[in-house]
Amino acid sequence: MADYAFPHRHLLGIEGLNRLDIETLLELGDRYVELNRSRIKHADVLAGRTLVNLFFENSTRTQGSFEIAGRRLGADVVTMPIATSSVKKGETLIDTAMTLNAMRPDLLVIRHGSSGAVKLLSRKVDCAVINAGDGTHEHPTQALLDALTIRRRVGDIGGMRIAICGDILHSRVARSNVACLNVLGAEVRLIAPRTLTPPGAAEWGAEVFTDMRKGLAGCDVVMMLRLQQERMDGAYLPSAREYFHFWGLDEDKLSHARPGAFIMHPGPMNRGVEIESGIADHKTRSLITEQVEMGVAIRMAVLETLARNAPDVGARNQ
Amino acid sequence: MSGRTVIYNARVIDPASGRDEKGGVLIENGVIADVGAGVAKTTAGDVKIDAKGKAMAPGLIDLRVKTGEPGAENKETLETAGDAAAAGGVTTFVVMPDTNPVIDSVALVDFITRRAESVAKVKVLPTAGLTIGLDGLKMAEIGLIREAGAAFFTNGDKPVEDAGVLRRAMSYAASFDALVASRPDTPALSRNTVMNAGAFAARLGVRGTPLEAEWIALERDLMLAETTGVRLLADCISTARSLAAVERARKAGVKVACSVASYSLFFNELDVGDYLTYCKVQPPFRGEADRLALIDGLKRGAIDAVVSAHDPQPTEDKRLPIADAAFGAVGLETLLPALLSIALREEIPLAVALKPVTSGPADLLGLPQGRLAKGAPADLVLFDPAAPWACDRDDLSSRSKNSPFDGRKLEGKVLRTWVNGVTVFERG
């Protein structure tokens, strides 16, 4: 597998990746975990390459994670300040892309609030584009880091029963995770109130539940999703307390999962809304901080892999 | 309540099983211990009641009652409504949430339950607003309120106009398999109207409620019920076409039930007569063809519930020009007599006519009562199915007297009512 050539120029989503693609990234990610845990966390595979972070939506952890990943690989990392940039002055998305492209970056990490916007930009630039979250569509590096986290704990993901709970409707994390876990052979369950269950979710290759206790029965891993405040104002859900009562992960609901089941959350958490504090902080079962650690490693793997494929890689490496 | 009560020499009618035979009911500890031909004068018991050949049926279940409690106790309280219900043979009624304040929280559902338990002679089930304050915008805590005991969720007489809000609320309610009731109405068409639109309203010179006000809203509700999978109660439908729409949807697999107000089966628009404000109701009395179609639906078992649509209004709100008068009619005490009159006149078997006031609504709400079966609560009514009488509003137990039946001749009289085996009404 080490000589498998990752066949994609961009990482726009999990959809379109096969099992080998994903496992190649996971294995490389695994190696970077070891590097990140050593004293000198540095590799030079991206020396001389330019990584541009373009976050149209506010992000602390994902943006920081990509920055650290890029720096550890020796790339020149530039984070464009969108809030004060020409984008706010009315420049169109395409013009922004053309401008950036002219600066000849090698890797472009993009987060955007509109589904499909990252793909649109990818068509207009010459470098490799990594989707760091587009609207409610995909967030592939989150799914990969989740898979890496689970894999390191349980070995083979195949046959694991994994529940994804909460605001599936508005979650790009859920979409990417369902795709990724399906490819890796897990039995995926989606648990949400009907208002937060996307139409046709039953055709995603996951079993859909509204009742947490039924849905969690026998699960090996419980992935909670963040509930945005604006979903609790009476349109999708009546209140935070009702949500916690029926869908918040507490000891009682968790007791329906397999004993010792792992708990995950992509962060940032709403403690007391979708997850009880004690569970989020569980010493042996909560993998939430581990997910953050795996995030850096998997992003290093993605950056390295795509940089290798970048069209002008030969010319620049000489 | 302790001991055994034998009611014998009765005509025992149980719509749930279709039973209509001579026999009796044995009550033990508030529960029906035996029923049918096997219960006779000779059955061992502590108290024996000779029914004298009169009819015995499960106490009625009424899915649509308004009281004034809380907020307008001058109209009706849970206590006075309970008295009216007992006198009408109604042993369970469901109260609507459009009070002041609106019943839209766990605390208020709990209040209604406790208050009714302490003051009402019969069983009272609260409902809750589908949206907070019936604002038609923000959904109530449907899950928690359902756990607190709300029978269903409804916006009462303030329909949710925003289809997006209704769709999400229905979808959310479906998460809990909660029942959502919606009285189909399009305010843009029915605002400031007085009675059924048509030649008669035109002759009287008053604004009419067009049939489309009901049809449009009902079709919308049925479509949303279909796509969200919610259990829907099409509340108080009043037209032939509405009934056909419900039946068509039901055939297509939509989880829909329908209710009809007893007055819609009894009156037509001409009964508004000389601007009778007691006949100003929502939905309005419709044309005779619609009334007959609903009667036909009753015969065919297509109507899941017949309701009193009890809506007490004090004299001062009714003794006004018809355009200014309040909507609403009391109905708890006339629900059974009205149905019995219709059954007699239209030759409908009583086991069929009484189904939508007994096992029909009981099945809709998953209640153990509403049937004469061993183990069911002894909620019973003894009545004379053909006794003629003239309704006089001054004889009504209800605090408000706004009955369209005032002065009308009815056939069928309640003689005695039991709740959990205890007599709560007996005609002197």
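Worth saying up front: this structure is predicted, and the values here are computed from it rather than measured. Just so it is clear: chains get the letters A, B, ... in the order the sequence lines come, proteins before strands, and each one is counted from 1.
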Between B:Leu134 and B:Pro97 the two heavy atoms that sit nearest each other are CD2-CG, 4.4 Å

When the 4.5 angstrom heavy-atom criterion is applied to A:Thr210 and chain B, the contacting part is side chain

Any side-chain donor-acceptor pair under 3.5 Å between A:Asp146 and A:Gln291? yes

Only residue of B:Thr67, B:Thr127, B:Leu125, B:Ile103 satisfying side-chain contact (heavy atoms from CB on, under 4.5 Å) with B:Val95 is B:Thr67

Heavy atoms of A:Asp252 and A:His256 approach each other most closely as O-ND1, 3.1 Å

With distance as the sole criterion, is a donor-acceptor pair present between the side chains of B:Glu214 and B:Ser238 under 3.5 Å?
-> yes

Under 4.0 Å between a Lys/Arg side-chain N and an Asp/Glu carboxylate O for A:Arg161 and A:Asp220?
-> no

With chain A, the option among B:Met170, B:Glu141, B:Lys138 that has the most non-hydrogen atom pairs under 4.5 Å is B:Glu141

Can you check whether A:Leu249 reaches A:His265 side chain to side chain, under 4.5 Å on heavy atoms?
-> no

Taking every heavy atom of A:Ile14 against every heavy atom of A:Glu138, the minimum-distance pair comes out as N-OE1, 2.8 Å

Those residues of residues 171-180 of chain B that come under 4.5 Å of chain A on a heavy-atom basis, listed by number, are B:Ser171, B:Tyr172, B:Ala174, B:Ser175, B:Phe176

So, the part of B:Ile132 with a heavy atom under 4.5 Å from chain A: the answer is neither

So, the part of B:Thr228 with a heavy atom under 4.5 Å from chain A: the answer is backbone

Applying a strict 4.5 Å limit to non-hydrogen atoms, the region of A:Leu237 in contact with chain B is both

- Tell me, with the steps shown, if A:His170 and A:Tyr236 meet ring pair (Phe, Tyr, Trp, His ring centres under 6.0 Å). CA-CA 11 Å; A:His170 301 100; A:Tyr236 289 90; 4.9 Å; yes

Report task. State, with a plain yes or no, whether a side-chain heavy atom of A:Ser122 is found less than 4.5 Å away from one of A:Leu12. Result -> yes

_Is it the case that the side chains of A:Asp134 and A:Ser115 hold a donor-acceptor pair, with the cut-off being a distance below 3.5 Å and no angle test?_
no

Listed by number, the residues in residues 144-169 of chain B that come under 4.5 Å of chain A (heavy atom to heavy atom) are B:Leu144, B:Glu147, B:Arg168

